[in-house]
Amino acid sequence: MKRDFLSIKDFSSSEIQELFELAKELKVKRYNPEKLKGISCALIFEKPSLRTRVTFEIGIYELGGKAIYLSSQDIGLGKREAIKDVASNLSRWVGLIIARTFSHNTIVELAKYASCPVINALSDLEHPCQALTDLFTIYEKRGGLKNVNLSYIGDGNNVCRSLMLGANIMGMNMKVATPKGYEPKTKCKMQNAKCKIVNNPKEAVKDADIIYTDVWASMGQEAEREKRERIFKDFQINSQLLKFAKPDVLIMHCLPAHRGKEITDEIIDGKRSIVLDQAENRLHIQKAIMIKLFV
Ligand code: CP
Ligand code: NVA
């Protein structure tokens with residue numbers, strides 16, 4: 001049975017712990033060319049990417065596989081050719097499909113018709129590779145996840161949803177502060193973690209061990225950017241807001257950042273920021289995920 005990674009919920013807490021252990025090893029010994037030896041991997045990207053594309057391409061190389069990058073212009077996913085046909089053709093040649101799409105349903109359909117594993121490299125609904133990396137980064141910094149207080153400030157988007165689902169799996173507490181109407185929509189019941197959704201960022205940062213933010217307008221929402229900048233202006237991570245937080249709070253952002261919008265230069269470049277550790281860890285965690293899907 002092939003295994004996909006479409007949502008962070010696809011791994012249990014013990015599997016996530018195993019992924020962390022593996023990522024720690026891969027961080028020390030990066031080159032393991034026997035792990036994906038002879039496996040070609042298709043990277044389908046409908047949206048731009050720096051971190052995800054580069055870390056998957058390097059990761060596949062370091063594990064001995066071959067990456068083939070396919071933009072939407074190259075293959076016309078769902079336009080030039082049905083998603084089902086793209087999935088079944090690719091399955092005859094490649095051993096793994098990694099896809100970044102506008103609609104989450106596109107990835108679900110790719111996974112349904114592909115006989116090889118499919119990894120979600122970001123959809124409108126989730127960004128599980130990012131969230132798993134973020135949990136690993138917090139785990140490294142705080143020595144564990146249980147009862148860590150993570151506060152997410154901004155839009156209740158794909159990254160926020162995956163973090164909430166991940167926090168629930170790992171028993172982390174989460175507060176989310178968004179403007180009214182921009183709260184995360186997730187069907188998940190937070191049984192294992194305390195989760196509170198508020199509309200006041202000051203309330204959310206109090207007691208936080210980690211403050212996390214992301215862009216106010218995600219890819220595909222560019223037309224709403226100006227409107228969102230007006231609505232979200234009080235949700236900026238800046239020195240004023242941090243006066244309400246603990247002095248040793250850590251600052252996270254999945255990047256790319258819109259400096260001067262959701263976060264100021266002073267904070268993203270400041271001593272509490274761990275955004276580059278997150279970016280680096282994308283490589284190690286994604287390599288661990290790829291290995292796990294073939295075990
Ligand atoms: N964080 C992240 O996924 O970055 P990219 O969009 O550059 O891949
Ligand atoms: N929420 C952002 C994340 C980018 C990595 C987006 O979807 O554009």
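Just so it is clear, the model here is predicted, and its values are computed rather than measured. Just so you know, ligand 1 is whichever comes first in the structure, and atom 1 is the first atom listed for that ligand. In what follows, every heavy atom counts, from backbone to side chain, and hydrogens, waters and symmetry copies are set aside.
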Query raised in the report: Does ligand 2 have a heavy atom under 4.0 Å from the side chain of Asp155, from its backbone, from both, or from neither?
Result: neither

Query raised in the report: Does Arg3 use its side chain to pair, donor to acceptor, with the backbone of Val295 at less than 3.5 Å?
Result: no

Report task. May I ask you to list the atoms of ligand 2 that are less than 4.0 angstrom from any heavy atom of Asn157? Result -> 1 (N)

Report task. May I ask you to identify the nearest protein heavy atom to atom 5 (C) of ligand 2, giving residue, atom name and distance to one decimal place in Å? Result -> Leu255 O, 3.6 Å

Requested in this report: Say whether Thr52 and ligand 2 are in contact under the criterion: heavy-atom distance to a ligand atom below 4.0 Å.
Outcome: no

Report summary line: of all protein heavy atoms, closest to atom 8 (O) of ligand 2 is Met219 N, 2.8 Å

Report task. Give a yes/no verdict on a cation-pi contact between Lys206 and Phe244, requiring under 6.0 Å between NZ or CZ and the six-membered ring centre and an angle within 45° of the axis. Result -> no

Query raised in the report: Within the structure, does Ser218 bring an N/O atom to less than 3.5 angstrom of an N/O atom in ligand 2?
Result: yes

Requested in this report: Could you tell me whether Arg259 and Asp269 make a salt bridge, using a distance below 4.0 angstrom between a side-chain N and a carboxylate O?
Outcome: yes

Report task. Measure from NZ or CZ of Arg53 to the centre of the six-membered ring of Phe45, then state whether that distance is under 6.0 Å and the direction lies within 45° of the axis. Result -> no

Query raised in the report: Do the rings of Phe136 and Phe20 sit parallel, tilted or perpendicular, given the 30° and 60° boundaries?
Result: tilted

Query - Those protein residues which place at least one heavy atom below 4.0 Å from ligand 1 - result: Ser49, Leu50, Arg51, Thr52, Arg100, His127, Gln130, Cys254, Leu255, Arg282

Query raised in the report: With a 4.0 Å cut-off, would you call Glu62 and Lys287 a salt bridge?
Result: yes

Requested in this report: Identify, for atom 7 (O) of ligand 2, the protein heavy atom at the shortest distance, and state residue, atom and that distance.
Outcome: Asn158 ND2, 2.9 Å

Requested in this report: Give, for atom CD of Gln236 and atom NZ of Lys261, the distance between the pair rounded to the nearest 0.5 Å.
Outcome: 9.0 Å

Query - Nearest-contact summary for atom 3 (C) of ligand 2 - protein heavy atom, Å - result: Asp214 OD2, 3.6 Å

Query raised in the report: Under 3.5 Å, is there a donor-acceptor pair between the Asn158 and Glu126 side chains?
Result: no

Query raised in the report: Are any of the side-chain nitrogens in Glu21 or Lys24 under 4.0 Å away from the carboxylate oxygens of its partner?
Result: yes

Report task. Pick one of side chain, backbone, both or neither for how Leu122 approaches ligand 2, counting any non-hydrogen atom pair under 4.0 Å. Result -> side chain

Query raised in the report: For the side chain of Lys37 and the backbone of Gly64, is there at least one donor-acceptor N/O pair under 3.5 Å apart?
Result: no

